[in-house]
Asker: 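My questions will all concern the structure given below.
Remember, it's a predicted structure, so these values are computed and weren't measured experimentally. As the structure lists them, so they are numbered: ligands from 1, and atoms in each ligand from 1. Just so you know, these numbers use all the heavy atoms, side chains as well, and skip hydrogens, waters and symmetry mates.
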Amino acid sequence: RRAGAALIGDAAAFARTRSGASAPSWRNRVTTLEAVLGDITREHVDAIVNAANSSLLGGGGVDGAIHRAGGPAILAECRRLRETTLPQGLPAGDAVATTAGRLDARWVIHTVGPVHSRREDRSATLASCYRRSLAVARELGAQSVAFPAVSAGVYGWPMDDAARIAVETVREELAERDGPPTLVRFVLFGEPALREFQAALGR
Ligand code: ADP
């Protein structure tokens with residue numbers, strides 16, 4: 001492990017967020033990690049992560065909300081990706097960026113979570129969503145990234161496990177390298193989700 005890893009979790013602090021929720025946040029030398037309650041389409045960050053599906057052509061949940069709020073430019077770019085580099089769609093665990101359209105962000109990073117299964121452990125694929133999304137964010141030069149609880153809606157992931165994997169993976173990934181993003185924010189829909197992410201951040 002590199003030196004940065006030991007620093008994560010050292011400096012617990014309480015940050016007052018835009019939505020007014022008081023959330024614990026943890027930072028290493030460069031990056032603050034926090035969980036807040038809110039609608040991710042209202043976030044003002046460089047990159048908003050979308051819990052998309054493999055088709056990239058729209059769905060319900062946070063995907064539907066992002067396309068509705070961001071307007072048709074996002075779907076148009078997703079269609080172009082399908083016609084060019086991603087004819088089979090985006091595999092689960094991977095991530096790709098498009099414009100953010102009318103959202104108050106520069107990019108939407110689409111990632112595809114795995115559907116939860118009780119027979120098969122797909123947590124490595126869920127972890128990969130966070131790793132790949134952060135890698136794409138870094139390639140773009142994004143300073144701030146907002147994540148929803150990937151796979152924890154229609155894809156059926158239990159929220160406690162989804163939160164643990166999200167927080168552990170992002171912490172690990174941030175510890176492996178220096179530099180941006182300087183802010184990673186989990187934007188959760190509802191108190192139960194917020195509680196699970198806060199608990200994971202506190203461990
Ligand atoms: P998946 O198919 O990956 O499970 P969903 O969109 O169904 O994705 O749900 C992922 C999580 O995002 C769920 O916890 C859901 O409540 C939440 N969610 C839905 N809409 C929004 C939104 N506008 N902002 C933030 N989170 C949202």
Asker: Polar pairs, ligand 1 vs protein, N/O only, below 3.5 Å.
Answerer:
from: ligand 1; atom 1: 3 (O); to: Ser151; atom 2: N; distance (Å): 2.9
from: ligand 1; atom 1: 4 (O); to: Gly153; atom 2: N; distance (Å): 2.8
from: ligand 1; atom 1: 4 (O); to: Val154; atom 2: N; distance (Å): 3.2
from: ligand 1; atom 1: 4 (O); to: Tyr155; atom 2: N; distance (Å): 3.0
from: ligand 1; atom 1: 6 (O); to: Val62; atom 2: N; distance (Å): 2.8
from: ligand 1; atom 1: 7 (O); to: Val154; atom 2: N; distance (Å): 2.8
from: ligand 1; atom 1: 9 (O); to: Gly153; atom 2: N; distance (Å): 3.4
from: ligand 1; atom 1: 23 (N); to: Asp39; atom 2: OD1; distance (Å): 2.8
from: ligand 1; atom 1: 24 (N); to: Ile40; atom 2: N; distance (Å): 2.9

Asker: I need the full list of salt bridge (charged side-chain N to carboxylate O under 4.0 Å, His left out) pairs touching residues 130-152, with sequence neighbours left out, sorted by first then second residue.
Answerer: Asp94-Arg132, Arg131-Glu172, Arg131-Glu176, Arg138-Glu173
Asker: Going by the rule ring-ring contact (aromatic ring centres under 6.0 Å, His included), which residues pair with His67 if we only count those two or more places apart in sequence or in a different chain?
Answerer: none
Asker: Among residues at least two apart in sequence or on other chains, which ones pass side chain to side chain contact (heavy atoms under 4.5 Å, CB included) with Asn53?
Answerer: Ser55, Asp63, Tyr155
Asker: Going through the checks in order, is the side-chain contact (heavy atoms from CB on, under 4.5 Å) test met by Leu103 and Ile74?
Answerer: CA-CA 10 Å; Leu103 294 173; Ile74 301 175; 4.3 Å; yes
Asker: With respect to Thr98, which candidate in Glu77, Arg80, His110 satisfies the side-chain hydrogen bond (donor to acceptor under 3.5 Å, both in side chains) definition?
Answerer: His110
Asker: When you measure from the side chain of Thr31 to the backbone N and O of Leu183, does any donor-acceptor pair fall under 3.5 Å?
Answerer: no
